[in-house]
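Throughout, a chain's letter reflects where its sequence line sits, starting with A, and its residues are numbered from 1. As the structure is a prediction and not an experimental result, all values here were calculated from the model.
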Protein chains: 2
Amino acid sequence: MSAQGETRRAPLDRARVLAAAVAAADRSGLDALSMRSLAAELGVVPMALYKHVADKDDLVGGMVDTVIAGYDPADAVGGPAEVRARIRSARAGLLAHPWLRTAIESRTRRTPAVLAHMDAVAGAFLRGGYSADLTHHAMHALGHRIWGFSPEAFEEPPAEPPSPAEREAMLRTMAERFPHITAIAMDTAARTPSGTCEPEGEFDFTLDLLLDAFERLHAAGWTSSA
Amino acid sequence: MSAQGETRRAPLDRARVLAAAVAAADRSGLDALSMRSLAAELGVVPMALYKHVADKDDLVGGMVDTVIAGYDPADAVGGPAEVRARIRSARAGLLAHPWLRTAIESRTRRTPAVLAHMDAVAGAFLRGGYSADLTHHAMHALGHRIWGFSPEAFEEPPAEPPSPAEREAMLRTMAERFPHITAIAMDTAARTPSGTCEPEGEFDFTLDLLLDAFERLHAAGWTSSA
DNA sequence: GAGGCTAGGCGTACGGTGTACACCTGTCAA
DNA sequence: TTGACAGGTGTACACCGTACGCCTAGCCTC
């Protein structure tokens, strides 16, 4: 009564575990992802996961790896255009998986897909004729942006709007104690349609700014020894 | 027998708690900092901390705030020079407190010192004659670099060196599967004195690159609507 | 002085976490 | 037939953040 009784669950493997973890994190965030909850979701006891994953760190590393491995393979045209394409692909991944930023930030091991993405971006610069020296510096300058990051520290979660009176008071003290950022915020509020920051616009702006700067250095025959 | 017997510990206050937490994190890292360990260090029961701190998140937020509040007050000369000075001060803080990067990345509330630092950097741009529009974009482009960050995801911890044979094998497979980053690594190894990346050099390079780019936009009368 | 308020510290307890370790069971190769 | 072994189980441990109630010393007011 083994093969026919209750339909026997196909045995787990690493890929299934990682896929389930990604799905769970997509639904409820990385904090809510525990070995126990993941195991429950897979209809398995927590310790069973450890047959497929060394520990939780390995699990998260694997999740990051699988997502990154799914990035679009861009045409190897070389130069800024290819870099842009690859980075935009990374950014799409980041937007699709809100937990990915935190997960990447905590990574310390370079898994194959991570190395592959870095290699692809570096390759784009090199194929575009950039020197190894300049490419190296460009990669550092792009920094986390090669993973599609935009800076999100100190982003306040959406709060329920305060009463008009409170809002007025807060605005006044802000203007008094932090006049410059208040001025900037007022400026954007007045000038842009949405009235707030537009992350995608800012991301593209910065990416273009950097790629332009690289192009200029490349054209000038820049070397780091200068 | 109250005032004279055993020397009565001065009552805790928020500042003392935060200072002790910063010291503990400096010594043993943020992961090792638990309410229990911190309480023990202060000679107090864990729950006593909650009279001075709302919860652990508030504790970490307070730690970040106190460190940032200690940044050098730069001369308000305005322009890129002041921006550079303020960012270098932030970077010094980051180098002095290894846990600070992680702590900042996880913050979601803008405490006063955080707002003050952001305001100071924005003020430097504005005093330098930059428009609110450009300043806003520049702040976004600097991103986490205004906190002195350099990108550190996927930085491998120092491992004990592998045997020459292993090293040889690893290097070959790296060169085969990830030729571009391998080429870059070899190039740096050959060209630089240390043979590895120099974080401070890279940080300064990028900062200068960005500040230069901003100056160019400023000189050209850039606006975001263009 | 007497009474009460309150800030600060204590003790206990709960539900959660990651994971070490020993065990069982089905499958397949020798 | 027998053994190894991959995969799943169950129990247990140490640790975490923190809710809740209590106790005590100092101070303010009457």
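- Considering Thr66(A), Asp65(A), Asp58(A) as possible partners of Thr111(A), the one that fulfils the side-chain hydrogen bond (donor to acceptor under 3.5 Å, both in side chains) test is Asp65(A).
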Quiz item: Given Leu115(B) and Phe154(A), is the side chain to side chain contact (heavy atoms under 4.5 Å, CB included) satisfied, shown in steps?
Solution: CA-CA 10 Å; Leu115(B) 288 167; Phe154(A) 304 113; over 6 Å; no
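- Picking from dC16(D), dA19(D), dG9(C) the nucleotide with the shortest atom distance to the side chain of Pro11(B) gives dG9(C).
- The nearest whole Å value for the distance from the CZ atom in Arg36(B) to the C1' atom in dC10(C) is 14 Å.
- Within a 6.0 Å sphere centred on CZ of Arg191(B), other residues, nucleotides and ligands contribute more than 12 heavy atoms.
- Remark: Arg16(A) pairs with no residue by the salt bridge (Lys or Arg N to Asp or Glu O under 4.0 Å) rule, at least two apart or across chains.
- For Val45(A), whose side chain is taken as the heavy atoms from C-beta onward, the closest listed nucleotide among dA13(C), dG10(D), dA19(D) is dG10(D).
- Across dG9(C), dA20(C), dG7(D), the shortest atom-to-atom separation from the side chain of Val44(B) is found for dG9(C).
- The CE atom of Met35(B) sits 8 Å away from the C1' atom of dT18(D) (whole-angstrom rounding).
- Put simply, OH on Tyr50(B) is 17 Å from C1' on dG21(D), counting in whole angstrom units.
- Between Glu105(B) and Arg101(B), at least one side-chain nitrogen of the basic residue sits less than 4.0 Å from a carboxylate oxygen of the acidic one, meeting the salt-bridge criterion.
- Residues Asp55(B) and Met35(B) form no side-chain contact, since every pair of their non-hydrogen atoms from C-beta on lies 4.5 Å or further apart.
- Following rounding to the nearest Å, Leu59(A) (CG) and dT17(C) (C1') show an atom-to-atom distance of 14 Å.
- Note: CG (Leu49(A)) to P (dG8(D)) measures 9 Å, nearest angstrom.
- Checked against the 6.0 Å centroid threshold, Phe205(B) and His140(A) do not count as a close aromatic pair.
- Atom CG of Asp55(B) and atom P of dG17(D) are 11 Å apart (whole Å).
- For DNA chain C, none of the residues of residues 13-24 of chain A falls under the heavy-atom distance limit of 4.0 Å.
- A donor N or O paired with an acceptor N or O is found under 3.5 Å between the base of dG8(D) and the side-chain atoms of Lys51(A).
- Distance from the side chain of His52(A) is smallest to dG8(D) among dT11(D), dT12(C), dG8(D).
- Protein atom NZ of Lys56(B) is 15 Å distant from nucleotide atom P of dC15(D), rounded to whole Å.
- With rounding to whole Å, Met47(B) atom CE is found 11 Å from dT12(C) atom C1'.
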